[in-house]
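Single-structure report; data block below.
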Amino acid sequence: MADPAGLAFSLHRVDSVPVIQLENVTKTYPKASRPSLDEVSVGIEKGEFVFFIGPSGSGKSTIIKLLLHEVAPTRGKVMVNAKDVTSIRSWKIPHFRRSIGCVFQDFRLLPNRTAYENVAFALEVIGKTKAVSRRVVPEVLELVGLGGKEHRYPHELSGGEQQRVAVARAFVNRPLILLADEPTGNLDPDTSIEIMRLLDRINRTGTTVVMVTHDSNIVNQMRRRVIEIESGRIVRDQARGVYG
Amino acid sequence: MRLKYVLNEVLVGLWRNVTMTVAMIITMSVSLTMLGASVLLYMQVDQMKSYYYGEIEVSIFLRTDVTDGQRQEIDSAISSNPLVASQTYETREQALERFKTLWKDSPEFVNSVGPNSLPESFRVKLKNPETYKTFTDQMKGMQGIQDIIDQRALLDKVFNIFNAIQVGALVVAGVMALAALLLVGNTIQVAAYSKRREVAVMKLVGASNWFIQAPFVLEAVVAGLIGALLGFVALFVSKVVLFDNKLQALTTILTPIENGNVWLMLPLLAGVGALVSAVTAWVTLRFYLKV
């Protein structure tokens with residue numbers, strides 16, 4: 001224990017416990033001829049911004065589903081925040097999901113609720129009081145650049161604005177991780193860039209951002225870590241990558 | 001806030017699909033009425049049994065040509081029998097008197113019966129009415145006995161009819177309950193479908209399972225409770241109309257149905273209605289919500 005080098009090493013180890021870790025994860029869906037993910041191992045540190053890229057059906061979205069525990073891996077371990085996701089008891093999964101925010105290509109907003117109500121809904125169904133949402137929701141809507149549009153319904157907002165509401169909803173609970181499944185898939189290039197700026201700003205608050213995308217333009221501009229998947233295997237993992 | 005949210009969801013849910021809700025409530029109430037009627041009848045038969053079995057007599061009718069010696073022998077055989085609690089002797093004249101008062105509304109019938117057409121008899125109360133068979137077997141070999149009749153056998157015929165009615169009511173209750181269950185299941189499916197977006201978002205942001213399910217389950221429970229209330233009202237009204245008015249003649253045979261017993265049906269029906277609805281809704285959600 002007197003060895004300073006050993007201490008330094010152990011400190012480094014503690015510091016770098018990944019917030020997401022996949023260990024030899026294989027996922028074969030029932031009736032599928034080949035696995036969607038095949039012996040995938042990857043670690044993502046806290047505060048990282050990571051792109052998962054690859055052709056359709058390569059297994060990118062399966063990673064999101066595994067992290068949310070929507071599906072269980074056939075083999076291997078999925079660790080989130082040093083907890084084995086597969087060992088979480090089913091009644092504790094809702095609580096576990098509160099530490100993960102989610103954004104999708106199709107926004108998934110409630111059409112009969114305003115921007116404010118959509119974000120507040122996410123807080124109130126996990127037991128936060130109206131007082132909390134009155135304080136927090138305007139803040140987060142301001143953060144995503146929707147100040148002044150709180151009381152618009154989704155159909156009164158542009159695609160980009162709707163996605164901002166979705167990001168606000170995913171972020172309002174200050175999650176550890178923000179998962180984004182093709183968040184720019186329905187948006188034009190300029191709007192996509194704005195959404196990326198927003199995700200970047202959220203990443204700078206310390207939130208780990210994991211984004212699945214097809215959008216080469218965005219990946220090339222952001223210059224962040226790129227993990228490329230093909231036929232269920234990682235074929236590239238690059239620190240400041242491009243779409244390639 | 002959470003309670004208000006849940007209650008609001010329940011009301012909106014019941015109103016959204018109001019025809020289905022009404023159908024659910026009606027079948028539920030019919031089923032529960034039948035259940036209540038069946039339980040009441042069961043209690044009634046029980047009460048009647050304990051009332052009448054206390055009054056039951058075995059009648060030993062004597063032959064018209066019975067001799068004084070034979071009568072004496074029968075009398076002492078009865079009084080020395082350990083099964084017997086008490087005995088009375090009825091002469092022909094007494095039998096005729098009783099007959100006259102019993103049929104006083106039809107004088108022609110009474111007049112057609114002469115003083116000798118009714119037999120004299122011993123009326124015997126047994127310590128335990130169940131020992132009737134043994135007692136009859138011991139008595140029936142004696143000279144001068146025309147016939148031995150146990151009132152219990154007559155009563156049992158009446159009780160058998162009640163039992164049949166009770167079983168019939170239970171069967172109807174069961175069939176209606178099945179229909180009610182299917183309707184509850186269907187209503188919950190429709191409700192879950194119309195709220196699928198909300199449910200998806202709730203699952204996504206990590207709302208607890210009970211919070212997602214509670215409005216649906218409560219919706220079914222509220223419908224079940226309304227059904228139980230209606231069923232109880234139907235039961236009470238039919239009790240008043242049928243037994244206290246229309247069929248009052250029957251009450252000379254039937255012991256009166258106590259209002260207390262009818263009131264007892266309210267918590268029973270409410271409990272059964274609420275529980276059955278809740279379980280059905282919950283099971284349905286297991287299949288259609290996959291929370």
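Lettering follows sequence order; numbering is per chain, from 1.
Taking every heavy atom of both residues into account, B/Ala207 and A/Pro94 meet most closely at O-CB, 3.4 Å.
Ranked by heavy-atom pairs under 4.5 Å with chain B, the first of A/Lys92, A/Arg169, A/His95 is A/Arg169.
Around the CZ atom of A/Arg197, the shell of radius 6.0 Å holds no more than 12 heavy atoms that belong to other residues, nucleotides or ligands. Taking a 6.0 Å sphere around OH of B/Tyr42, one finds it holds 12 or fewer heavy atoms contributed by other residues, nucleotides or ligands.
The line from CD1 of A/Ile93 to CG of B/Asn209 is 8.5 Å long, rounded to the nearest 0.5 Å.
Residues satisfying the side-chain contact (heavy atoms from CB on, under 4.5 Å) test with A/Asp188, not counting sequence neighbours, are A/Asp190, A/Thr191.
In summary, of the residues considered (A/Ile100, A/Leu123, A/Val125, A/Val172), a side chain to side chain contact (heavy atoms under 4.5 Å, CB included) with B/Val205 occurs for A/Val125 alone.
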Distance-only donor-acceptor pairs under 3.5 Å for side chains of residues 102-122 of chain A, two or more places apart:
from	atom 1	to	atom 2	distance (Å)
A/Asp106	OD1	A/Arg108	NE	3.2
A/Thr114	OG1	A/Glu117	N	3.1
A/Glu117	OE1	A/Thr114	N	3.0
A/Asn118	OD1	A/Leu110	N	2.8
A/Asn118	ND2	A/Leu110	O	3.1
A/Asn118	ND2	A/Arg113	O	3.0
A/Asn118	ND2	A/Thr114	O	3.2

